[in-house]
Amino acid sequence: MGNRAVLEFQGTDVGIYLHWNGGRDTIDPLLDVAKEYNIRSGDYGIARITQILGNFFGGTLCIGVDKLDRLDCDNGDNGTYVIDNNFNIVDRKYFDNREEQQVYDPKEMREQFKLTNDHIFNRKE
């Protein structure tokens, strides 16, 4: 069992599957960092979000990219986040208004994303 989620991007039929860290306490900070990095939307944005996640998780597991109809969108954990071109969550599918996970401190999670990605995205603070 994981803490699964799918990120669906409006205007595309492609999504990102997360086996771990699919709670809102991870997804909101992820999208904040994408905004800070001024990542473009569309296919390019999906690739960059995937890169941020891959750099964060490391290894060879935890994330996947595929067409939405081949991903586990109704995964029993966090469902599917629908994300607009400005990297905002605009809808949620298959979640049924359950209580949101609050395991990770969003501020700390944001800093961890930045720690593993700032040097790649040429961001120095």
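Annotation: the span from Ile27 atom CD1 to Phe87 atom CZ amounts to 13.0 Å, rounded to 0.5 Å. Residue Phe9 holds its CZ atom at 10.0 Å from CG of Asn85, rounded to the nearest 0.5 Å. One distance of note links CZ of Phe57 with CG of Asn55; it measures 11.5 Å at 0.5 Å rounding. Between the CG atom of Leu115 and the CD atom of Glu108 there is a distance of 12.0 Å, given to the nearest 0.5 Å. Atom CG of residue Asp28 and atom CZ of residue Arg110 lie 12.0 Å apart, to the nearest 0.5 angstrom. Atom CZ of residue Arg4 and atom CG of residue Leu18 lie 12.0 Å apart, to the nearest 0.5 angstrom.
Pairing each heavy atom of Gly2 with each of Trp20, the nearest pair is CA-CZ3, 3.4 Å. Closest non-hydrogen pair, Pro106 versus Pro29, comes out as O-CG, 3.4 Å. Nearest heavy-atom pair, Gly22 versus Tyr81, reported as atom, atom and distance to 0.1 Å: O-OH, 2.8 Å. Closest heavy-atom contact between Asn86 and Lys35: O-CE, 3.2 Å. Phe95 and Glu100 get closest at one heavy-atom pair: CE2-OE2, 3.6 Å.
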Before giving the answer on side chain to side chain contact (heavy atoms under 4.5 Å, CB included), spell out for Val6 and Tyr94 the whole-Å C-alpha distance, their side-chain angles and the decisive distance to 0.1 Å.
CA-CA 10 Å; Val6 170; Tyr94 313 110; over 6 Å; no
Please determine whether side chain to side chain contact (heavy atoms under 4.5 Å, CB included) holds for the pair Arg48 and Phe121, giving the CA-CA distance in whole Å, both sets of side-chain angles, and the decisive distance to 0.1 Å.
CA-CA 10 Å; Arg48 297 291 67 91; Phe121 285 85; 4.0 Å; yes
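Although no hydrogens or angles enter the test, the distance criterion places a donor-acceptor pair under 3.5 Å between the side chain of Asp25 and the main chain of Val103. Tyr104 places no side-chain N or O within 3.5 Å of a backbone atom of Arg24 that could act as its donor or acceptor partner. In this structure, the side chain of Asn88 does not engage the main chain of Val90 through any donor-acceptor pair within 3.5 Å. Checking side-chain atoms of Asn75 against main-chain N and O of Asp77 turns up a donor-acceptor pair under 3.5 Å. A donor-acceptor pair under 3.5 Å links the side-chain atoms of Thr80 to the main chain of Cys73, judged by distance alone. Counting only distance, with no hydrogens or angles, the side chain of Thr50 and the backbone of Ile46 share a donor-acceptor pair below 3.5 Å. Counting only distance, with no hydrogens or angles, the side chain of Thr12 and the backbone of Glu8 share no donor-acceptor pair below 3.5 Å.
Taking the six-membered ring where the residue is Trp, Phe56 and Phe113 present tilted rings, their angle falling between 30° and 60°.
Within 6.0 Å of atom CG in Asp105, more than 12 heavy atoms from other residues, nucleotides or ligands are found, so the atom counts as buried in its surroundings.
Following chains of ILVMFWY side-chain contacts shorter than 4.5 Å, one cannot reach Leu71 starting from Ile83, and the two form parts of different hydrophobic clusters. Leu31 and Val82 are members of different hydrophobic clusters when ILVMFWY side chains are connected at heavy-atom separations under 4.5 Å. Follow the hydrophobic side-chain contacts under 4.5 Å out from Ile89 and you reach Leu7 in the same cluster. Tyr17 and Leu68 end up in the same hydrophobic cluster when Ile, Leu, Val, Met, Phe, Trp and Tyr side chains are linked at under 4.5 Å.
Under the side-chain hydrogen bond (donor to acceptor under 3.5 Å, both in side chains) test applied with Asn3, the options Thr26, Asn78, Asn21 reduce to a single match, Asn78.
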